[in-house]
Amino acid sequence: MVWAVRIAGFLLFRVLRRGSDSRFDEIRSHFFKFLGFWIGKPIIICCCDVLILLFTLLGQIVWVPFINTFYRSSSNPNDIQVWTVSLPLTILNSPAVSDTNNGGSDPLFGTARDITGIVLWALGFTVEAIADYQKFSWKSSPTNDGGHPINSGLWAWSRHPPYFGEIMCWWGIWILCLSPTTNGSLPHSAKAAQYGAIMSPLFTVLILMFVSGIPSAEKPQAKRYYLKTHGPEPDTEHADAWPEYQAYLKRTSILIPIPQVIYNRVPTLIKKTLLLDFPMYQFDENGEGKCAREEARSHQEA
């Protein structure tokens, strides 16, 4: 509840102040990108839920009737998304697991997994809240001339610290739900269900890494700085915006917070694999740059 109120309140406040969400302006202006956004998300949801069902069936879980009923009653992909993300809590709070009068169990709190889950969630929540505040303050600052990305606070260590915090939150929730479900006197089926609920944090990672998170932010931002230098009417005040932005990309981790002095020395191969800065996020100057210039030119002529 705390997490939902914070993020919903912040997003509402930001949209009311700005009038729109710039992350989706680029997607909305291209039919196939917009279509891919809405089709890709349900595909990932369905793949995750298929894996959940496999865990369920292998564990001979009593959740099968509930799952079947849910799928028959819900035709909205967002409903399935909410169910997937909240699966660890759904399993934990079910009568068969938590109600001692219905065969459930109530083990003592305080295991290593309990503490780890709480710490992870608290750290993720803190990182997400601080990063959102820092970004909003930077954009609202009169000293921000729009010629460079934010390069202070948590944003000096990660290009997307709120997404990193979000991922930490959901891994923390899953780990926190493990002990109450697996340490008590419950059947193997209930334990298998909770282990299968690892699809909740994995689903969050997939969405933020490949659908509506980083992909909706990286290239549009790169395009903006590219056009400041190479557009049909270059911004003379920020003529070095693009080379400076490329240097920023080289020294700043895309997701995992790492000090710039360390990340800048990491080999490119490691950055583009283990540190998750995949080639799909890179703005292609020859292909996408040319299209961006033509699009900007057509907007001027219109």
Side-chain angles (χ1 to χ4, degrees), residues 3 7 10 23 112 115-139 141 143-175 198 201-202 204-226 228-229 238 240-285 288:
W3 170 86
I7 193 169
F10 173 75
R23 295 173 301 169
I115 305 304
T116 301
I118 290 178
V119 169
L120 269 180
W121 185 89
L123 286 175
F125 181 85
T126 302
V127 166
E128 197 171 359
I130 291 176
D132 282 341
Y133 173 76
Q134 290 175 338
K135 182 69 171 286
F136 184 80
S137 298
W138 174 78
K139 285 200 169 186
S141 173
T143 60
N144 174 26
D145 59 3
H148 57 85
I150 181 173
N151 192 34
S152 59
L154 292 172
W155 298 85
W157 286 21
S158 170
R159 305 205 300 263
H160 302 283
Y163 295 151
F164 181 77
E166 177 86 354
I167 291 170
M168 287 182 67
C169 281
W170 289 107
W171 277 107
I173 287 175
W174 177 69
I175 293 173
I198 194 174
L202 288 178
T204 302
V205 172
L206 290 174
I207 288 295
L208 293 179
M209 291 292 298
F210 302 109
V211 184
S212 63
I214 293 176
S216 67
E218 277 293 299
K219 286 190 177 182
Q221 179 167 268
K223 174 184 174 181
R224 185 164 64 251
Y225 291 112
Y226 176 82
K228 285 182 179 294
T229 300
H238 304 114
D240 295 331
W242 178 241
E244 288 180 0
Y245 183 73
Q246 289 179 303
Y248 160 79
L249 295 180
K250 182 180 179 181
R251 66 175 182 265
T252 311
S253 171
I254 191 168
L255 182 67
I256 304 169
I258 300 174
Q260 291 184 346
V261 66
I262 296 176
Y263 187 80
N264 195 38
R265 300 179 181 180
V266 174
T268 301
L269 180 61
I270 301 298
K271 292 179 179 178
K272 295 187 180 299
T273 52
L274 297 179
L275 296 182
L276 309 176
D277 196 356
F278 301 130
M280 63 176 287
Y281 303 134
Q282 312 304 312
F283 183 82
D284 178 19
E285 293 186 62
E288 293 167 314

Q: Determine, step by step, whether Gln221 and Tyr226 satisfy the side-chain contact (heavy atoms from CB on, under 4.5 Å) criterion, reporting the C-alpha distance in whole Å, the side-chain angles of both residues, the deciding distance to 0.1 Å, and the verdict.
A: CA-CA 9 Å; Gln221 179 167 268; Tyr226 176 82; over 6 Å; no

Q: Applying side-chain contact (heavy atoms from CB on, under 4.5 Å), run through Gln134 and Ser152 and close with a yes or a no.
A: CA-CA 8 Å; Gln134 290 175 338; Ser152 59; over 6 Å; no

Q) Taking it one step at a time, do Lys223 and Glu288 satisfy side-chain contact (heavy atoms from CB on, under 4.5 Å)? A) CA-CA 8 Å; Lys223 174 184 174 181; Glu288 293 167 314; over 6 Å; no

Q: Determine, stepwise, if the pair Phe136 / Tyr133 fulfils ring-ring contact (aromatic ring centres under 6.0 Å, His included).
A: CA-CA 5 Å; Phe136 184 80; Tyr133 173 76; 8.1 Å; no

Q: Could you walk me through whether Asp145 and His238 pass the side-chain contact (heavy atoms from CB on, under 4.5 Å) test, one step at a time?
A: CA-CA 9 Å; Asp145 59 3; His238 304 114; 3.1 Å; yes

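We find the CD1-CH2 distance between Ile198 and Trp170 to be 15.0 Å, quoted to the nearest 0.5 Å. Going from atom CG of Leu255 over to atom CD1 of Ile214 covers 5.0 Å, rounded to the nearest 0.5 Å. Atom-to-atom distance recorded for Leu206:CG and Ser212:OG is 11.0 Å, nearest 0.5 angstrom. Atom OG in Ser253 sits 12.0 Å away from atom CG in Asn264 (nearest 0.5 Å). Within the model, atoms CD1 of Ile173 and OG1 of Thr204 stand 8.5 Å from one another, a figure rounded to the nearest 0.5 Å. Put simply, CG on Leu274 and CD1 on Ile256 are 9.0 Å apart, with the number rounded to the nearest 0.5 Å.
Side-chain contact check for Thr268 versus Lys250: every heavy-atom pair is 4.5 Å or farther apart. Using a 4.5 Å heavy-atom threshold, the side chains of Leu154 and Ile130 count as touching. Annotation: side chain of Trp121 is not in contact with side chain of Met168 (no heavy-atom distance under 4.5 Å). The shortest distance between side-chain heavy atoms of Lys272 and Ile254 does not fall below 4.5 Å. You'll find the side chain of Asn151 reaches within 4.5 Å of the side chain of Gln260, heavy atoms only. The closest side-chain heavy-atom distance from Glu285 to Gln246 is below 4.5 Å.
Closest approach of Pro257 to Ser158, counting heavy atoms only: CA-CB, 4.0 Å. When all heavy atoms of Cys169 and Gly124 are compared, the pair lying nearest together is SG-C, 3.6 Å. In plain terms, the two heavy atoms of Asp240 and Thr229 that are nearest each other are C-OG1, 4.0 Å. Considering all non-hydrogen atoms of both residues, Glu128 and Pro162 come closest at CG-O, 3.7 Å.
Arg159 and Asp277 are joined by a salt bridge, as a carboxylate oxygen and a charged side-chain nitrogen come within less than 4.0 angstrom of each other.
Cation-pi geometry between Lys271 and Tyr263 is met: under 6.0 angstrom from the ring centre, within 45 degrees of the axis.
Side-chain atoms of Thr273 come within 3.5 Å of backbone atoms of Leu269 as a donor-acceptor pair (strictly under, hydrogens ignored).
Applying the ring pair (Phe, Tyr, Trp, His ring centres under 6.0 Å) rule to Trp155 yields no partners; only residues at least two apart in sequence or on another chain are considered.
For the ring-ring contact (aromatic ring centres under 6.0 Å, His included) with Phe283, the qualifying choice from Tyr245, Trp242, Tyr225 is Trp242, the only one to do so.
Other residues, nucleotides and ligands place no more than 12 heavy atoms under 6.0 Å from the CH2 atom of Trp157.
Trp174 and Trp171 have perpendicular rings, their planes meeting at more than 60° on a 0 to 90° scale where under 30° would count as parallel.
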